[in-house]
**Q** 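For reference, the structure I am asking about is given below.
Counting begins at 1 with the first residue of the sequence. Everything numeric here is computed off the predicted structure, so don't read it as measured data.
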Amino acid sequence: MDPRFEVIDSFENAQRDRCVDIFRRPDGTHGFEEWRREPEDPGRWFRARYYSDAVYATPHDACVAARELVAWFDGSRAT
């Protein structure tokens, strides 16, 4: 993911091996990306999909799209 993107919210699943980041681009648009963490390397996240090219006007719009496209993601926080 482009290092200029600012992550403004991050959601992990209950197993803590999947994550969705909602981010803001320098131009003010928003997007999201799905990440995974491997048991062999628990300290590092790897991109699971390539959703970050899609453009959304607001963080809310990006979150709604993530809920529709990422099977495990419901927009709530892991406990």
Side-chain angles (χ1 to χ4, degrees):
M1 195 165 70
D2 190 317
R4 297 173 299 158
F5 296 175
E6 175 190 0
V7 174
I8 56 175
D9 215 341
S10 189
F11 302 86
E12 287 186 32
N13 66 358
Q15 297 77 25
R16 305 184 79 72
D17 64 353
R18 298 280 183 185
C19 176
V20 167
D21 285 343
I22 308 296
F23 61 84
R24 179 179 15 253
R25 294 181 184 86
D27 67 2
T29 62
H30 298 84
F32 74 93
E33 189 59 84
E34 180 185 8
W35 302 89
R36 64 183 168 74
R37 187 171 12 207
E38 297 297 327
E40 305 82 35
D41 192 1
R44 191 157 173 233
W45 288 97
F46 300 90
R47 194 182 312 214
R49 300 278 192 273
Y50 290 84
Y51 295 118
S52 61
D53 289 339
V55 177
Y56 304 95
T58 68
H60 174 77
D61 294 343
C63 196
V64 167
R67 283 194 303 263
E68 292 174 2
L69 295 169
V70 178
W72 62 265
F73 181 59
D74 67 3
S76 61
R77 302 230 179 260
T79 55

**Q** Quick check: closest heavy atoms across A62 and G31, and the distance to 0.1 Å?
**A**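 Reported closest heavy-atom pair: CB-O, 3.8 Å.
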
**Q** Please determine whether side-chain contact (heavy atoms from CB on, under 4.5 Å) holds for the pair I8 and H30, giving the CA-CA distance in whole Å, both sets of side-chain angles, and the decisive distance to 0.1 Å.
**A** CA-CA 10 Å; I8 56 175; H30 298 84; 3.8 Å; yes

**Q** Salt bridge (charged side-chain N to carboxylate O under 4.0 Å, His left out): which pairs involve residues 18-28, sequence neighbours left out?
**A** E6-R24

**Q** Hydrophobic clusters here meaning ILVMFWY residues chained together by side-chain heavy-atom distances under 4.5 Å, can you tell me if Y51 and W72 are in one?
**A**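 Per the 4.5 Å side-chain linkage, Y51 and W72 are co-clustered.
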
**Q** Please assess F23 against S52 for the test side-chain contact (heavy atoms from CB on, under 4.5 Å), listing each intermediate value before the final yes or no.
**A** CA-CA 9 Å; F23 61 84; S52 61; 3.8 Å; yes

**Q** About how many Å separate CG of D74 and CG of N13, when rounded to the nearest 0.5 Å?
**A**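 Rounded to the nearest 0.5 Å, the CG-CG separation comes out at 10.5 Å.
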
**Q** Using side chain to side chain contact (heavy atoms under 4.5 Å, CB included) as the criterion, list what pairs up with P26, not counting sequence neighbours.
**A** R4, F5

**Q** Is V64 reachable from V20 through a run of I, L, V, M, F, W or Y residues, each pair having side-chain heavy atoms under 4.5 Å apart?
**A** no

**Q** Going by the side-chain contact (heavy atoms from CB on, under 4.5 Å) test, name the single residue among R44, Q15, R16 that passes it with R37.
**A** R16

**Q** Suppose we screen for side chain to side chain contact (heavy atoms under 4.5 Å, CB included). Which residues come up paired with Y50, at least two apart in sequence or across chains?
**A**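 Listed in chain order: R47.
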
**Q** Compute the centroid of each ring, for F73 and then for F11, and state whether the two points are separated by less than 6.0 Å.
**A**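 For F73 and F11, the ring centres are under 6.0 Å apart.
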
**Q** So, taking the atom named NE2 in H60 and the one named CD1 in I22, what distance separates them when rounded to the nearest 0.5 Å?
**A**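 One gets 10.5 Å once the value is rounded to the nearest 0.5 Å.
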
**Q** Do W45 and C19 come within less than 4.5 Å of each other through their side chains, counting heavy atoms only?
**A**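 In short, these two side chains touch, coming nearer than 4.5 Å.
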
